[in-house]
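Reviewing the structure listed below.
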Protein chains: 2
Amino acid sequence: MITIKDMAEMLELSTTTVSNVIHGKTKEVSGATVAKVQKLIDEYNYVPNINARNLAVNSSKIIGMAIKGSEEKYVNLIADPFYGELIGTVEHELRKAGFFMMLYISGSIEEIIRYTSTWNADGLILVGMSQDDYVKVRQRYKKPTVIIDSYISEEIARHLNVGLEDEEGAYQMTEYLIKYGHRKIGFVTDNMEGIDYYRYLGHKRAMKEYMVPAEEDQLISILPGHLEKEDTLAELMQKAKEVTAFMFCSDYYAATVINYFQDQGLKVPGDISITGFDGNRYGKMVRPVLTTVCQDVTEKGRAAVKQLVKMIENQKQEYGNIRLPVELFIGDSVKKVKDPAAS
Amino acid sequence: MITIKDMAEMLELSTTTVSNVIHGKTKEVSGATVAKVQKLIDEYNYVPNINARNLAVNSSKIIGMAIKGSEEKYVNLIADPFYGELIGTVEHELRKAGFFMMLYISGSIEEIIRYTSTWNADGLILVGMSQDDYVKVRQRYKKPTVIIDSYISEEIARHLNVGLEDEEGAYQMTEYLIKYGHRKIGFVTDNMEGIDYYRYLGHKRAMKEYMVPAEEDQLISILPGHLEKEDTLAELMQKAKEVTAFMFCSDYYAATVINYFQDQGLKVPGDISITGFDGNRYGKMVRPVLTTVCQDVTEKGRAAVKQLVKMIENQKQEYGNIRLPVELFIGDSVKKVKDPAAS
DNA sequence: TTGTATGCGTTATCAC
DNA sequence: GTGATAACGCATACAA
């Protein structure tokens with residue numbers, strides 16, 4: 001690893017001059033010198049030591065991308081194509097903008113805070129954070145931060161969030177189901193915070209607007225991570241008798257259940273209709289093809305990076321909510337049913 | 001951000017003493033001083049500046065994880081659960097060992113080299129590298145490096161690779177097909193280098209051992225990334241008439257083709273049997289459940305990190321090949337056929 | 001038990 | 001045009 005100092009000595013120049021050439025401040029340097037230095041740089045493959053540079057300018061070009069998930073959910077989390085795609089685009093966009101990505105996947109918010117401050121990250125992208133988590137991070141980390149897919153109340157914490165039209169997406173899906181004659185709809189989720197909660201609100205709004213009596217509405221709660229377990233699936237089979245459709249908050253869950261039901265001899269959508277949320281490969285891979293609410297994950301990552309870079313350049317935190325649009329994708333997992341009440 | 005110097009001044013101590021406390025060298029410091037310093041550390045949430053530390057000790061705790069993929073394949077690459085799971089476990093294991101992961105996904109090997117050297121990474125994990133790529137990296141980067149899933153000839157480049165029993169896996173799968181009466185088997189791949197090539201070799205070995213005439217053996221080449229395109233799939237439909245089974249080198253491709261075939265009215269495994277390679281969620285999600293060769297991605301990442309850490313501690317590059325075992329998973333995508341020659 | 005001095009590689013401020 | 005020199009925060013060899 002050749003350094004500026006080494007090169008300066010070899011050419012009998014000062015480090016300042018060499019540094020100037022490296023930074024293209026060539027108007028203050030003679031052409032001959034520039035050439036000499038440039039030659040050496042190429043010859044020895046000079047590459048700056050970022051640690052030294054960061055120390056000198058008190059910045060890193062590091063953006064921390066912190067994904068919070070409980071320890072038990074760990075493996076599930078990262079195998080989900082949503083995260084793969086998100087991480088991929090964020091890394092890509094970040095580098096295009098001249099930054100580097102440091103990835104933290106951890107169940108401990110304390111750990112995340114510690115790491116980001118040691119590395120003196122120029123900015124943060126937070127995924128999967130609750131309001132509490134966000135507040136804790138903000139207490140200790142003051143530089144630009146953007147959150148992805150969180151719902152945080154405006155009063156408590158000013159923040160910039162990049163998310164989805166979750167409420168609207170669920171509303172549209174419910175509306176679609178109702179128009180297809182469904183009234184007894186089971187809304188399945190493993191938590192009631194953040195995005196799932198807002199999707200539930202959208203679902204409720206549609207149910208109300210179309211005047212479906214509240215007692216026909218079923219909220220089905222699943223223990224987090226248990227949707228892959230046999231007994232939970234069996235339980236869902238039971239519930240399937242009481243409703244004509246299930247709405248899931250992720251394609252992965254929806255697809256898993258479709259397969260389970262069919263393996264058990266239940267017809268989808270013949271006996272029960274099923275919908276998802278995400279629009280990823282799992283929904284395309286399962287048969288019947290999943291009717292779902294599509295989001296553009298790439299766009300999500302891109303928007304987050306764009307906002308973050310803007311903040312870093314302006315040296316200040318911005319506030320607001322960016323809600324990316326969603327779109328219904330009609331597959332084959334929903335059947336038209338006769339509404340008994342209508343006839 | 002409070003620094004060691006700040007704390008030393010506040011307590012009227014030297015930076016050395018403070019530094020010693022931080023590093024737990026308390027036997028050389030009086031109990032009272034330790035307490036004082038510790039109190040301040042907690043109070044101000046002192047956290048070391050890693051840039052400064054790295055500069056001082058000439059090391060970073062950074063491991064570069066470089067994934068090479070052509071620009072066009074970019075999105076495909078990272079949405080594959082294989083990469084998601086691999087990145088996840090590597091990050092996890094790395095942190096457990098006290099390192100940080102810097103992720104580089106790039107089609108340019110030059111770029112990868114430049115980034116890893118600016119950051120002065122302590123070690124490298126390389127994924128998706130050809131022999132040429134590896135040699136180029138090694139010319140410029142001398143610190144510990146481990147490769148995942150590459151095939152590099154021993155003579156040209158000494159290296160440590162963590163891979164799979166690719167040849168054996170394909171052998172077993174072919175053997176299984178043959179025992180189920182298949183003789184006309186189409187081996188489908190979009191490249192003939194690295195892992196796919198060795199899988200092909202295993203396939204050939206089985207065909208030879210079971211004395212299937214060479215003319216019954218079909219190597220079907222697909223343009224890279226084209227297996228999702230309509231015309232390539234249609235072409236494959238044509239080929240399906242000439243064979244009784246297709247072997248694919250990935251579950252994702254196999255599942256995609258199963259769906260396409262069935263959507264077109266071709267029965268799987270009724271009209272044609274299909275096998276995959278990987279053992280991931282796609283294979284479990286498609287119906288019929290895919291018969292495939294399973295690998296343990298988590299174990300792969302774990303092994304890579306373990307080896308790398310060992311090298312970093314011993315300060316030297318090691319050589320060798322670690323081939324993780326594979327296992328046949330029998331799904332429902334292969335049918336027993338009557339071997340016409342046997343009757 | 002504690003302190004002093006120096007170096008890590010880079011950038012930036014001034015002076016020549 | 002070019003060059004000293006200090007500063008960034010930390011670790012460490014060596015003194016005291």
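Note on naming: letters A, B, ... go to the chains in the order of the sequence lines (proteins, then strands), and numbering restarts at 1 for each one.
Applying the 4.0 Å criterion to OP1 and OP2 of dG3(D), one finds that Ser14(A) has a side-chain N or O inside that range. Under 4.0 angstrom from either OP1 or OP2 of dC8(C) there lies at least one side-chain N or O belonging to Lys5(A). At the phosphate of dC10(D), OP1 or OP2 sits under 4.0 Å from a side-chain N or O atom of Tyr46(B). For Arg53(B), a side-chain nitrogen or oxygen approaches OP1 or OP2 of dA11(D) to under 4.0 Å. For dT2(D), one of the phosphate oxygens OP1 or OP2 lies less than 4.0 angstrom from a side-chain nitrogen or oxygen of Thr33(A).
Between the side chains of Arg302(B) and Thr89(B), no donor-acceptor pair is found at a separation under 3.5 Å. There is no side-chain donor-acceptor pair under 3.5 Å between Thr17(A) and Asn20(A).
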Please lay out, stage by stage, how Lys96(A) and Glu93(A) fare under the test salt bridge (Lys or Arg N to Asp or Glu O under 4.0 Å). CA-CA 5 Å; Lys96(A) 276 205 297 191; Glu93(A) 295 297 319; 3.5 Å; yes
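Comparing dT11(C), dC8(C), dG9(C) by their closest approach to the side chain of His23(A) singles out dT11(C). With dC10(D), dA12(C), dT11(C) as the candidates, the nucleotide lying closest to the side chain of Lys25(A) is dA12(C).
Heavy-atom distances to DNA chain D give each of Asn20(B) and Asn51(B) a nearest nucleotide, and the one nearer the 5′ end belongs to Asn51(B). Take the nearest nucleotide of DNA chain C for Leu55(B) and for Thr17(B): the residue whose nucleotide is more 5' is Thr17(B).
Residue-to-nucleotide contacts include no donor-acceptor pair under 3.5 Å from the side chain of Ser19(A) to the base of dA12(C). One can find a donor-acceptor pair under 3.5 Å joining the base of dT4(C) and the side-chain atoms of Thr16(B).
Of the candidates Leu86(B), Leu126(B), Leu124(B), Leu94(B), Leu86(B) is the only one forming a side-chain contact (heavy atoms from CB on, under 4.5 Å) with Met65(B).
Protein atom CD1 of Ile4(A) is 12 Å distant from nucleotide atom C1' of dA12(C), rounded to whole Å. To the nearest angstrom, P of dG9(C) lies 11 Å from CD of Glu9(A). The CD1-P distance, from Ile41(B) to dG9(D), rounds to 17 Å in whole Å. For the pair Asn58(B) CG and dT10(C) C1', the computed distance is 14 Å after rounding to whole Å. Note: CE (Met1(A)) to C1' (dG9(C)) measures 13 Å, nearest angstrom. Rounding to whole angstrom units, CD1 of residue Ile2(A) and C1' of dG9(C) are separated by 13 Å.
When heavy atoms are screened at a 4.0 angstrom cut-off, Asn49(B) is found touching the sugar-phosphate backbone but no base atom. Here Leu13(B) lies in heavy-atom contact (under 4.0 Å) with sugar-phosphate atoms only.
Ring geometry, Phe100(B) versus Tyr115(A): the interplanar angle exceeds 60°, so the pair is classed perpendicular (tilted spans 30 to 60°).
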